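Just so you know, these numbers use all the heavy atoms, side chains as well, and skip hydrogens, waters and symmetry mates. These figures come from a predicted structure and were not determined experimentally.
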Amino acid sequence: MTHSRPNEFIPPPECPVFEPSWEEFADPFGFINKIRPIAENTGICKIRPPPGWQPPFACDVDRLHFTPRIQRLNELEAQTRVKLNFLDQIAKFWELQGCTLKIPHVERKTLDLYVLYKLVKEEGGFDGVCKERRWTQIALKMGFAPGKAVGSHVRAHYERILYPYYLFQAGNSQKPTLTNDTKDKEYKPHDLPQRQSVQPAETCSIARRAKRTKVCEKPNLRRRMGSYVAKPEPGTDPYFLYKFFMAYEVNYGNVFSFFFFFSQVEQYICMVCGGGGDEDRLLLCDGCDDSYHTFCLIPPLHDVPKGDWRCPKCLAQECGKPPVAFGFEQASRDYTLRTFGDMADSFKSDYFNMPVHMVPTELVEKEFWRLVSTIEEDVTVEYGADIASKDFGSGFPVKNGTFKVSPVEEDYLSNGWNLNNMPVLDASVLTHVTADICGMKLPWLYVGMCFSSFCWHIEDHWSYSINYLHWGEPKTWYGAPGYAAEQLENVMKSLAPELFESQPDLLHQLVTIMNPNVLMEHGVPIYRTNQCAGEFVITFPRAYHSGFNQGFNFAEAVNFCTADWMPLGRQCIQHYRSLNRYCVFSHDEMTCNIASKADSLELELASAVQKDMCAMILEEKMLREKVYKLGVWHSQQVDYDLLPDEERQCAKCRTTCYLSAITCPCSPDQLVCLYHIEDLCSCPARSYTLNYKYTLAELKPLFQALTARAESYEDWASKVNKILKELRSLVVEAEKKSYPETDLLSHLRQVIQNADRCTSMAQQLLNGKRQTRYRSGGGKSQNQLTVEELKSFVNQLYDLPCTIRQAPFLNALLNRVEQFQQQSSDLLAEDMPGSSALQSLLDEGAGLDVELPLLVVLRQRLEQARWVEAVKEASDQPADLSLDCMRRLIDQGVGLTPHACVERTMARLQELLTVCEHWEEKAHNMLTARPRHSIETLEAAIQEVDSIPAYLPSCLQLKDCVNGAREWIMEADALQAGGRIPGLAALSELVSRARSIPVMLEPLSRLESLISEVQAWKESAAKTFLLRNSSHSLLEVLCPRCETGPQKSKSKKAKDVSVPCKKVEVKLDSLFDVEKALSTSKDTVSAMATLSEVHQKELESLSMLRTSNESKFQSSPSCLAPTVCLCHTVPAGPMLQCELCRDAYHSGCVPGFKDIQTGLPWLCPLCKRSEKPPLDKVLPLLASLQRIRVRLPEGDALRYVIERTVCWQHKVQLVSPTQHLNGKVSLICLNLTKKEPERLEKNSKRRLEKENMEGQHRDKIKKPKKKKPKLNKERRREEKRTSSPSNSLSDLSYSDDSEEDWSVCSAKQCQQPEGNEVNWVQCDGSCNQWFHQICVGVSAEQAENEDYICVSCAINDLTE
């Protein structure tokens, strides 16, 4: 039916999962036999090995390469494949008539042509449905909504597309009319037979998602003349091919065989009228080259159709071909494990658009079953299946293999769960198959990718199979129990009968799957499981199973057979004979091989083989008697062991013959089994020869040996019963004859009772020993004896009037049991014994095949002892005792049996956990608290935590933080100890570290404020000195220039002045070197020396630069004109000369040329690097930096600039002692050469005389007085100051100690504070003047504890 999307897949119930103990895991077949009653009801089961069982991966990855199978998912599903085959037939039918099939849409849904065809056929055909007007009901059955004339649309599509095909299949005349809707998409045929007969191209890649309804590029059948198959044009009139065919057969008979030749040139003749005229109307068949006039056809065609066209004969041949058996193609590419894995992971991640490990298994499962059920969507994958392990090595290590195992892993070589060992274990029937059969006795390897699948199948010979997933993503399994095998087969045959008609053994080809939900809807029980890496999946005899891979993985599988399989194996041979299917090995040959080793067989296997051989002999005897009755008297003995299996297969049923076969001299290479003697040849039976391996007499000894082994116990039991029966008959006889109750009769009754009891106990003991290997470690078996029963049994054995040879052994067993009980009681009496002593005692008790109640108590005490020891071991190592460890130990201890020692340990552990959780939370809160805790609070908490014997990460982090805080405080104190002035770099690094310490650090706020003040100071200084949009830094402007003048001259100078014996000095060739030297200098003196050295280099460089620039304008013999200015061209027009570098510049190249005042010194753009602020604006910067008490390179550079400025001012005053400068003297921020002072003296003297300024230089020498803080007592301030603001910086005011004198603030810009109390500070320099603290930026604390030097005194100190 047509669906908008398939029904969502519902996962079947889970199969049982078993987790054996180490004891159970030691015997593989014993454990499988134990779980068989449960697991065989689901067909499959999963086994998780005990923790720690991890065999090494031994496959040779470098040698492993394989060619995978190509799997197109929607071809795997039976019902989907039927639909695809049907659509391919319809497409071929119309393609042979020159038309292209397009799948129509009804109500925006793709019309399912197969379902429509089946429904109409079931309802009585097209005429019947039309007559009864049931098209609406058919549309409803197909899932369409009622109304909107949907039935009419469905009818129209059926009549247009399917009805001509139906008439063709029925052999009736028809009128094919295929007009397509332009909205319909062209159908792309699957062409399974053609594709499987041709190897795919090497460039073929795995398709991700390809819509089937895309327009195909080229059709598959082509015109013989090489013409392209095109769609018929909309106006082409269709024709009645088969009506013509039937009419032509009636009227003309076998006229198809005529050919005419005219004058040695072949002419095309119409096969209807026999004429060759009207060649433009002559239609050529693309199948047989027969010709037909378009007007001779019934009905006639108006035009020659474009594309392929077939005559009625060819059409019947093409559409009547039998279908080809379906099978997988082999990929054209050979993969290694690595390349296949890359391809598989890329496919899955691209398909789901997420990383492979994040795709849920449920999503993959639902998507897989959606893809296999859709026709419109193709997904192709590859599967590396059935790779022989003998070629590339097994995933398990094998003896004498290329993979070398470590001594720890040697046990895996002989382990029973190693798939190389399991088929050949002593209890395995396949041990007696002489041939090495790949896949059955030798494992096969499977490399899967996402969606790669294995289809519904049962194992060869209905054997067991075991699959181990070595690594990779899970493998999803589905299974049906063996009793439902025929039911599953019948359901699949009923739902897809077309497939089984052409391929009766389809389910044996492993190429067909069917949705488990569909099977479950028809009553088939289905179970599922996801096999993860390191897990086994076992399938049971005749259990159908299928599945798919969730992604890239590597699995290994093999078959095995146990004693319970024997009757099923013989039944399977009969089934194979009915299907004419070959056998993998001869069942009769295996049975005879086992019978030849009867003496060494286990009783269980011997009994099963004895029954199987009995059935074999009876069958063989019956068949030979039948052959004799048919007249076959010739016979000969043949050793079939020496012949390969393919040379002794029955020609009819393909069964491998062993005991006997029939041959005929007419065909000596052919033989048949005794079941198919009639199918050998047409010769009479008397000419046949009976070839036999054994005579019936020779089989008898083998059978008797088996019988003797299998029935030994039964014979013994029958003898015991016979003797007991005779004894009882004597008692009955005494009672019948009313003999008196004598001691003899009483003793006889007692002997019978004792004998009965001994027989019962002996039976239990024997059965218990036989079932010991099936018991789960230490679990009670229903056949075990109790200690009291064992004592009673031993006593009765010694009291019997006969000698039992097993009595001493049973007595020794009893002594061991009693000794075990005594040791157990002594050990359990201790408060908490050691786990090693308990384990050794348990091992000893497990070897006693007696029911011992103390074993349960010992196991409980062992669990308790191990837990107590684990707690003690964890407590002895506090560094490893984490909160998770404690919680895990508590969880383990909760499930233990109550015990005083356990309760005490649990209480201590719980108390410790509570304390640890409390402190962990408290420490975490302390670390994240805002505001942060003080270091004293944290140290007190750490002292309490140190006494807790556990690993507490947050507490350790808290301790590290406190230690870091202590170190930080010590470094902060050392940074300012002894009146030191810290550097900015060290201060910033210290503050940065403090911010990452979650502790309240008292010095931090003060240091942060210092850094803020420094940053504010630098911003203020930058505003003062830097030009607008300047590219220079503040330090670059304040420091002497490090690079000036031509590089060659500089290098030469450096070379000339270098003295080999001179001490190596600090390199000061760049601003970075200078900044580093200033930052690492210990005091101001060394910083000033560094800057003086840089200044000296600056003067030398400028001198060289000036000389070089002035030499440009001197006459030279060279006729080359000098290059000047920023544009590096020759002088032209009005020029400007820089006062400093003496280079010339074009007036047009200088920005702001019109604003330059003539007669004044002019600096070029390269030399003018900063503003030149007045000195009275710069001195407060230095004073404020001194108050901050932080050293930084910019501060040292500023101090050096001020010193140079004051020195220059002093020299000017020496040149003109009668003159004095104005208060505003520009700060020197440019650097001079050695000749510059002389010229500067002359210029300065000339300017001072011209200005005619009168100044008077006062003597400023005055003894400092003691500082006196003073408070303003509401006195009136003087309105005038004795000193004028126009005085030079060196003209400082005097002050005395009178009240009137020091009550006036000497600051130039007094803020005139008001209030009852105003703080004052006195200069500690030579002037002793008083200042308001707020006017000079001094705090009360600084005024009390530090010396204050006013600006005037600071300048005087520099000039002196």
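Residues E647 and L671 share a closest heavy-atom pair of O-CD2, 3.8 Å. What you find for C455 and T512 is that their closest heavy atoms are CB-O, 3.1 Å. Scanning all heavy atoms of the two residues, the minimum distance from C666 to C683 falls at SG-SG, 3.6 Å. Smallest separation of non-hydrogen atoms from G384 and F340: N-CZ, 4.4 Å. Across V584 and D645, no two heavy atoms sit closer than the pair O-OD2, 3.6 Å. When all heavy atoms of R72 and T380 are compared, the pair lying nearest together is CG-OG1, 3.4 Å.
A distance-only check finds no donor-acceptor pair linking the side chain of D679 to the backbone of A651 [under 3.5 Å]. In this structure, the side chain of Y576 does not engage the main chain of D460 through any donor-acceptor pair within 3.5 Å. In this structure, the side chain of W456 engages the main chain of M514 through a donor-acceptor pair within 3.5 Å. The backbone N or O of Y383 sits nowhere less than 3.5 Å from a side-chain atom of R69 that would complete a donor-acceptor pair. A donor-acceptor pair under 3.5 Å is formed between the side chain of S687 and the backbone N or O of P684. Between the T374 side chain and the R370 main chain, no donor and acceptor come within less than 3.5 Å of each other.
One finds no salt bridge joining E678 and K652 here, because no Lys/Arg side-chain nitrogen approaches an Asp/Glu carboxylate oxygen to under 4.0 Å.
The distance from the CD1 atom of I138 to the CG atom of L116 is 7.0 Å, given to the nearest 0.5 Å. Note that CD1 of I458 and OG of S546 are 13.0 Å apart. Values are rounded to the nearest 0.5 Å. Between D334 atom CG and H65 atom NE2 the span is 5.5 Å, to the nearest 0.5 Å. Expressed to the nearest 0.5 Å, how far NE2 of H676 lies from CZ of R654 amounts to 13.0 Å. Note that the OG atom of S452 and the CD atom of Q71 stand 6.0 Å from one another [nearest 0.5 Å]. Rounded to the nearest 0.5 angstrom, L111 CG and Y158 OH are separated by 12.0 Å.
Under the side-chain contact (heavy atoms from CB on, under 4.5 Å) test applied with C650, the options T656, N580, V672 reduce to a single match, V672.
Residues E377 and L371 meet the side-chain proximity criterion, which asks for heavy atoms closer than 4.5 Å. Proximity of F368 to V379: side-chain heavy atoms (C-beta onward) are nowhere separated by under 4.5 Å. Counting heavy atoms from C-beta outward, I513 and F454 have side chains that stay 4.5 Å or more apart. Between C681 and Q670 there is no side-chain heavy-atom pair separated by less than 4.5 Å. Looking at heavy atoms from C-beta onward, E382 lies out of side-chain contact with R333 at the 4.5 angstrom threshold.
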Open item on the list: The test is side-chain hydrogen bond (donor to acceptor under 3.5 Å, both in side chains); show your working for E646 and Y582 and say whether it passes.
Closed with: CA-CA 9 Å; E646 57 269 15; Y582 68 90; over 6 Å; no

